[in-house]
Amino acid sequence: MNLLKKSELKSHDMYEFCYAKDYLNHWNDDSLYLIDEEFIFLMPYLDKVFSQYHYFGPQKVTVSEWEKVKQLAFGEKGQKECIIKFFIQIDEWINNDRNQNDYFWILGI
């Protein structure tokens with residue numbers, strides 16, 4: 001799972017991980033992007049944490065909810081290194097939130 005920055009985008013079929021401050025905007029410079037084909041790998045975990053995840057719209061995600069998603073993913077046997085790297089990158093991104101909000105948004109395609 002390869003997270004991209006805005007300058008690296010080559011397609012518009014992306015899920016955007018954006019900080020709370022950027023919720024009303026799309027295509028933010030400090031957001032991270034994941035192509036829709038790779039986002040599929042998160043769906044089983046998101047569906048267990050959220051009763052109705054908004055795949056085609058904005059989804060507010062608290063840090064504690066994200067921790068649950070991560071625990072579910074890490075709990076699977078034989079987890080791939082790319083998934084672990086993905087969660088490490090998201091954790092670093094969350095920690096770089098200048099406003100230190102306890103939530104972020106995933107903006108759907």
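We use all heavy atoms of the structure for the numbers below, so side chains are in, but hydrogens, waters and symmetry mates are not.
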If I compare all heavy atoms of [X] with all of [Y], which pair ends up nearest, and what's the gap?
{"X": "Trp105", "Y": "Pro58", "result": "CE3-CB, 3.9 Å"}
{"X": "Gln89", "Y": "Leu32", "result": "O-CD1, 4.3 Å"}
{"X": "Leu107", "Y": "Asn25", "result": "CD1-O, 3.5 Å"}
{"X": "Lys60", "Y": "Phe50", "result": "O-CE2, 3.8 Å"}
{"X": "Trp27", "Y": "Lys6", "result": "O-NZ, 3.1 Å"}

message: Could you check whether Glu65 pairs with Lys68 (Lys NZ or Arg NE/NH1/NH2 to Asp/Glu carboxylate O, under 4.0 Å)?
response: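 Result for this pair is no, no salt bridge flagged.
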
Could you check whether any side-chain N or O of [X] sits under 3.5 Å from a backbone N or O of [Y], counting only pairs where one atom can act as donor and the other as acceptor?
{"X": "Tyr45", "Y": "Phe74", "answer": "no"}
{"X": "Gln59", "Y": "His54", "answer": "yes"}
{"X": "Glu38", "Y": "Ile35", "answer": "no"}

Path from [X] to [Y] over hydrophobic side-chain contacts below 4.5 Å:
{"X": "Ile106", "Y": "Leu9", "value": "no"}
{"X": "Ile83", "Y": "Ile94", "value": "yes"}
{"X": "Val49", "Y": "Ile40", "value": "yes"}
{"X": "Tyr55", "Y": "Ile90", "value": "yes"}

message: The test is side chain to side chain contact (heavy atoms under 4.5 Å, CB included); show your working for Phe87 and Val69 and say whether it passes.
response: CA-CA 10 Å; Phe87 281 103; Val69 171; 4.2 Å; yes

- request: Indicate yes or no: at least one non-hydrogen side-chain atom of Lys70 is less than 4.5 angstrom from one of Ile88.
  value: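 The answer is no; the side chains never approach within 4.5 Å.
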
message: Checking Glu16 against Asp22 for the side chain to side chain contact (heavy atoms under 4.5 Å, CB included) test, could you report, in this order, the C-alpha distance in whole Å, the side-chain angles of both residues, the deciding distance, and whether it holds?
response: CA-CA 11 Å; Glu16 179 178 352; Asp22 295 326; 5.7 Å; no

query: Is the number of heavy atoms from other residues, nucleotides or ligands within 6.0 Å of CD (Gln52) greater than 12?
result: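 Counting other residues, nucleotides and ligands, CD of Gln52 stays at 12 neighbours or fewer.
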
query: So Leu42 and Phe86, side chain to side chain contact (heavy atoms under 4.5 Å, CB included) or not? Walk me through it.
result: CA-CA 11 Å; Leu42 288 177; Phe86 165 80; 3.7 Å; yes

- prompt: Would you call the rings of Trp66 and Phe104 parallel, tilted or perpendicular if under 30° counts as parallel and over 60° as perpendicular?
  reply: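 Perpendicular: the ring planes of Trp66 and Phe104 meet at over 60°.
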
- prompt: Taking Lys21 as the fixed residue, which of Asn28, Asp30, Asp97 is the one that meets the side chain to side chain donor-acceptor pair (under 3.5 Å) rule?
  reply: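 Output: one option passes, namely Asp30.
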
- request: Mind checking side-chain hydrogen bond (donor to acceptor under 3.5 Å, both in side chains) for Tyr23 and listing every partner two or more places apart, or none if nothing turns up?
  value: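 Scan of Tyr23 (side-chain hydrogen bond (donor to acceptor under 3.5 Å, both in side chains), adjacent residues dropped) gives none.
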
